[in-house]
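Chain A is the first sequence line, chain B the second, and so forth, proteins listed ahead of strands; every chain is numbered from 1.
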Amino acid sequence: MMPRVRFAPSPTGYLHIGGARTALFNWLYARKNGGVFVLRIEDTDQERSTPESVQAILQGLQWLGIDWDEGPGVGGPFPPYTQMEKIGRYTQVAEMLISEGKAYRDYSTEEELTAARKAFAESKGLKEGDDFRKAGFKYRSPWRDATPTPEQLQTTAVVRFKMPDREGKFGFDDMVQKRIDKPFDDFDDFVLLRKDGIPLYNFSCVVDDHDMEINLVARGAEHVNSTFPQLMLYEALGWSPPAFAHMPLILGPDREKLSKRRHPEADVMLHRANGILPNALLNFIARLGWGHGNDELFSVAQLKELFDFTAVGKTNGVWNPEKLSSINAHWIKTSDPKAIAEAVLPFLHAAGVPEAVVDAKLEKAVMGFRERSKTLVEMAMKVKPYYTRGVTIEGEAAAKHLGLEGKQMLGRIRETLLGVTTWRAADLDPIVKVISEATGAKMGAIAQPLRVAVTGGTVSPGIGDTLELLGREEAMRRIDAALS
RNA sequence: GGCCCUGUCGUCUAGUGGCCUAGGACGGAGCCCUCUCACGGCUCAAACCCGGGUUCGAAUCCCGGCAGGGUCACCA
């Protein structure tokens, strides 16, 4: 059977890391198994959903390189892919359930419900300010088995699912969590449709997954508990449920579920701004919860080949910025330099080098700094001085390497450099050694004054590469400036 | 609090009864390489939550504690 999986974010903000990983695993699974990856927008929370968030999520996925086969922008055989555009469908399904006695209109007011919840909580000894959910309140609406009068039918009501009264437990086999069971008496008559006719998650999710012929629902483990009412809904509707895979959560440094509220690193685009490569982020989040033997580094192509839900663990993972950084460093130094040049370009522009373009010089700069940069931001900062005219020399570096002796040496180097005909690293590198042999000076006593003169500091790639990158004209200009 | 899930170095993990003197990676310490900084190479420190069973033998199976997380809405 061809897998049909989906990622169904609710557009209440940027794409967050947990969502990105859910999308990634679904996408990898579809790509590996020749399946279809569906993107669905769950915007039934009218309070918090915004069109800007939809765009932010789409852009986040695009940046990561996660493409969808059906959904916003691309369409598909089961439209619409945005829940608010198919309200009529949910109403229709709800009506069907009501007519079959599997759901009912509840005319209780919100105030009555709140009061009942509060009274129950207080009877359990909870006080004002406590979390009333702890009381284990289950609402038994007086309308559960009542027949509404014609007048009532004219007024609005929520629609509740009539949870069957049964003994014992029921459960399901999860591809990640294995068997999970729960006692029946744990469940409540949950709300299908709000008073305004807009469906709630547990309902719209089931209707859509069915309508879109989703056969594997892979989502975060925070949803395992909602799987039970959803399963009851499938049964009541006579629909066959999909398979499930509930992935472990990603935790913040404080060990709590990574949330937009408390954890800035939850924002996918923050990592882009920080100079993280998309494939590095993908590599990192894939390893949070999923593993393949002792391997750590995976290209997207390898991920597509190796990923499997059976290798996803059950333990939550803590966000580890150092590991991300190290994985990013790996992909910076091993990716095609031209691709890195393209990636670093916007950062270079932002750093104040608007004239930079992807050319031979930038690629050379990338080669010079790719082993020295953990992020694109860092690389841009390091590359920038090679694009300016002249350079400011750090006081400490000058004091250490451009004293009387240093300047004398620099003068000698200058004379030698004047005779160089081809300004290439291969020709420039040996000069340090030649002078060392001629004068008896240590290589460091030669390279460092030169390095400080042309870069302004004590740190740079090999001296030959540094000079070549600068170009003859600029290098000589800086040497002259240091000498004067 | 009820219910559900989890518990191997600080972190991510390998490990599915003997291959474990518990392996890898990040981070940490040190050494080597070296014109600087990096990269790279090598070495070291660092873990089976606790207690009972089962077994000739347990990180691996069972039970009980403890700890952590999730969830209990007219949010998703």
Partner lookup for [N], please. Criteria are Watson-Crick or G-U wobble with both distances under 3.5 angstrom; report none if nothing qualifies.
N	answer
B/rG40	B/rC32
B/rC26	B/rG10
B/rG68	B/rC5

I'd like to know if the side chain of [X] pairs up with that of [Y] as donor and acceptor (distance under 3.5 Å, no hydrogens or angles considered).
X	Y	answer
A/S108	A/Y139	yes
A/D106	A/S141	yes
A/D189	A/Y104	yes

Using a 4.0 Å heavy-atom cut-off, does [X] contact any base of the nucleic acid, only the sugar-phosphate backbone, or nothing at all?
X	answer
A/R451	base
A/D45	sugar-phosphate
A/L200	sugar-phosphate
A/T315	sugar-phosphate
A/K433	nothing
A/H223	base
A/S460	base
A/R160	sugar-phosphate
A/P9	nothing
A/R48	base
A/G313	nothing
A/T156	nothing
A/K442	nothing
A/K195	base

Ring centers of A/F369, A/Y386 separated by less than 6.0 Å: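 Yes, close enough.
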Donor-acceptor pair under 3.5 Å, A/D429 side chain vs B/rC35 base: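 A donor-acceptor contact between them is present.
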Under-3.5 Å donor-acceptor pair between A/E256 side chain and B/rG69 base: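 A donor-acceptor contact between them is absent.
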Pairwise P distance, B/rG53 and B/rG68 [rounded to whole Å]: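 To the nearest whole Å, 27 Å.
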Spacing between A/L249 atom CG and B/rC12 atom P, to the nearest angstrom: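 Answer to the nearest Å: 13 Å.
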Atom pair CG (A/L402) and CZ (A/R451), whose distance is rounded to the nearest 0.5 Å: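 Taking CG in A/L402 and CZ in A/R451, the distance rounds to 12.5 Å.
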